[in-house]
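This structure is a prediction, so every number in the text was calculated from the model and none was measured. By convention here, the first residue in the shown sequence is residue 1. Start at 1 and go down the list; that is how both ligands and their atoms are numbered.
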Amino acid sequence: MDKEIKNKIARLKEEKDVVILAHYYVDDLVQEIADYVGDSYYLAELATRVPQNTILFCGVSFMGESAKLLNEGKTVVMADADADCPMAHMAEISRIRKVREQYPDVAVVCYVNSTAQIKAESDVCVTSSNAVRIVEKLPNRDIFFIPDENLGRYVAEQLPQKHFIFNDGFCHVHKEIAAKDLAAAKDLHPNALVLTHPECTAEVLALSDFIGSTSQMIDFATQSNQKEFLVCTENGIFYELSQKNPGKKFYPVSRHQCCPNMKRIRLESVLHALQTLEPVVTLDAELSEKARLPLARMLELAK
Ligand code: 13P
Ligand code: SF4
């Protein structure tokens, strides 16, 4: 059955000249049929370089929106219209405007996990792979980091020369990875190195050996001589970790490492999206113009 769907997908994407991009958190079967799999920065940047006119995005809404914002002329189709990241909505436009009044020289730094409306109010976007580097390059001392508080506090810790204002957004998947579960897992696997996404809590970060984006976690494990790893992020990452490192062992630390929105995307939804070329990402022209600027600035500063 899966094989049949996979064959149909392979045929249709050739016929319709579609490139399939997928995030590491989607189902293994979807990662398998994607043309490219990566972290959110890689996928946003790659979307600007692919030759196909249609991008089929296997990820949550903000990822498809970013691909569309950076490629006005292309069609971006979502594998699932309802796969949305709750954190992407966790910043109030009224608060952003208020902070701008309070701190006239503030830079509003927007984690890419955010809606186009929130990006449109921001000065620059960042992802977990480049946030520290980009904020460090900004001339502003005052930084309002939205929407993720955990990532914001992690960046602030690396850059004590800056003054940070935080927002109370969070990722429910990473927040539920508890420090006590990690401590117990470390007792069980004393030789394992701990790889952690910076959306986790400060208590979990404090117990970690490496902190980085999904791609950076995979690269670290692949380059390491160590054979065992505890992994503090969404469980979709285990597919690529195991593919790249057949001789190494990767353990989750809790039963909660699952993003229900990413897991909405199944082989069947990919096939349906290819057959119908729907749903497409559409954004208001005025909104797009404003939301594109911080994303383009991120690409520039990340070089
Ligand atoms: P990455 O940028 O590391 O891929 O993370 C995206 C994300 O949604 C984390 O929860
Ligand atoms: Fe959003 Fe968290 Fe899912 Fe990432 S893991 S897409 S931040 S809900």
Legend entry - Stepwise side chain to side chain contact (heavy atoms under 4.5 Å, CB included) test for K263 and E234: CA-CA 10 Å; K263 294 299 190 271; E234 211 277 346; 2.9 Å; yes
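- Protein heavy atom nearest atom 5 (O) of ligand 1, with residue, atom name and distance: H197 NE2, 3.2 Å.
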Inset, instruction - Give the C-alpha distance, both sets of side-chain angles, the deciding distance and a yes or no for salt bridge (charged side-chain N to carboxylate O under 4.0 Å, His left out) between E300 and K303. - result: CA-CA 6 Å; E300 197 48 45; K303 272 181 192 161; 3.2 Å; yes
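- The protein heavy-atom contact nearest to atom 4 (Fe) of ligand 2 is Y25 CE1, 3.8 Å.
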Legend entry - Candidate pair T222 and K244, rule side-chain hydrogen bond (donor to acceptor under 3.5 Å, both in side chains), full reasoning: CA-CA 7 Å; T222 306; K244 286 220 165 113; 5.6 Å; no
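- Below 4.0 Å from some heavy atom of N113 lie the following atoms of ligand 2, by number and element: 7 (S).
- Scanning N113, D39, L43, T233 for the heavy atom closest to atom 8 (O) of ligand 1 points to N113.
- For atom 2 (Fe) of ligand 2, the nearest non-hydrogen atom from the set C85, A83, C171 comes from C171.
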Inset, instruction - Before giving the answer on side chain to side chain contact (heavy atoms under 4.5 Å, CB included), spell out for E199 and M87 the whole-Å C-alpha distance, their side-chain angles and the decisive distance to 0.1 Å. - result: CA-CA 11 Å; E199 286 176 15; M87 180 164 65; 3.8 Å; yes
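- Within the listing of ligand 1, atoms 1 (P), 4 (O), 5 (O), 6 (C) sit less than 4.0 angstrom from a heavy atom of H23.
- Between E199 and ligand 2 there is a heavy-atom distance shorter than 4.0 Å.
- Nearest to atom 3 (Fe) of ligand 2 among the protein's heavy atoms is C259 SG, 2.4 Å.
- Of the charged side-chain nitrogens involved, at least one lies within less than 4.0 Å of a carboxylate oxygen, so that R11 and E15 count as a salt-bridged pair.
- Annotation for ligand 1: atoms under 4.0 Å from non-hydrogen atoms of Y25 are 7 (C), 8 (O), 9 (C), 10 (O).
- Residue contact check: S213 has heavy atoms under 4.0 Å from atoms 3 (O) of ligand 1.
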Inset, instruction - Any chance you could lay out the ring pair (Phe, Tyr, Trp, His ring centres under 6.0 Å) test for Y103 and H163, step after step, and finish with the verdict? - result: CA-CA 11 Å; Y103 300 91; H163 167 248; 5.6 Å; yes
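- Short contacts between ligand 1 and S128, defined as distances under 4.0 Å to a heavy atom of the residue, involve ligand atoms 1 (P), 2 (O), 3 (O).
- Residue Y41 has no N or O atom closer than 3.5 Å to an N or O atom of ligand 1.
- Taking the six-membered ring for Trp, F220 and F210 have ring centres closer than 6.0 Å.
- Shortest contact from atom 2 (O) of ligand 1 to any protein heavy atom: S40 OG, 2.5 Å.
- Aromatic ring pairs are classed by plane angle as parallel below 30°, tilted from 30° to 60° and perpendicular above 60°; the pair H174 and Y25 is tilted.
- Under a 4.0 Å N-O distance rule, the pair R266/D27 qualifies as a salt bridge.
- Counting the atoms of ligand 2 from 1 in the order shown, those under 4.0 Å from a heavy atom of P86 are 8 (S).
- Remark: ligand 1 atoms within the under-4.0 Å shell around heavy atoms of H174 are 10 (O).
- Aromatic ring centres of H189 and F229 lie farther apart than the 6.0 Å criterion allows.
- Those atoms of ligand 1 with a heavy atom of E199 less than 4.0 angstrom away are 7 (C), 9 (C), 10 (O).
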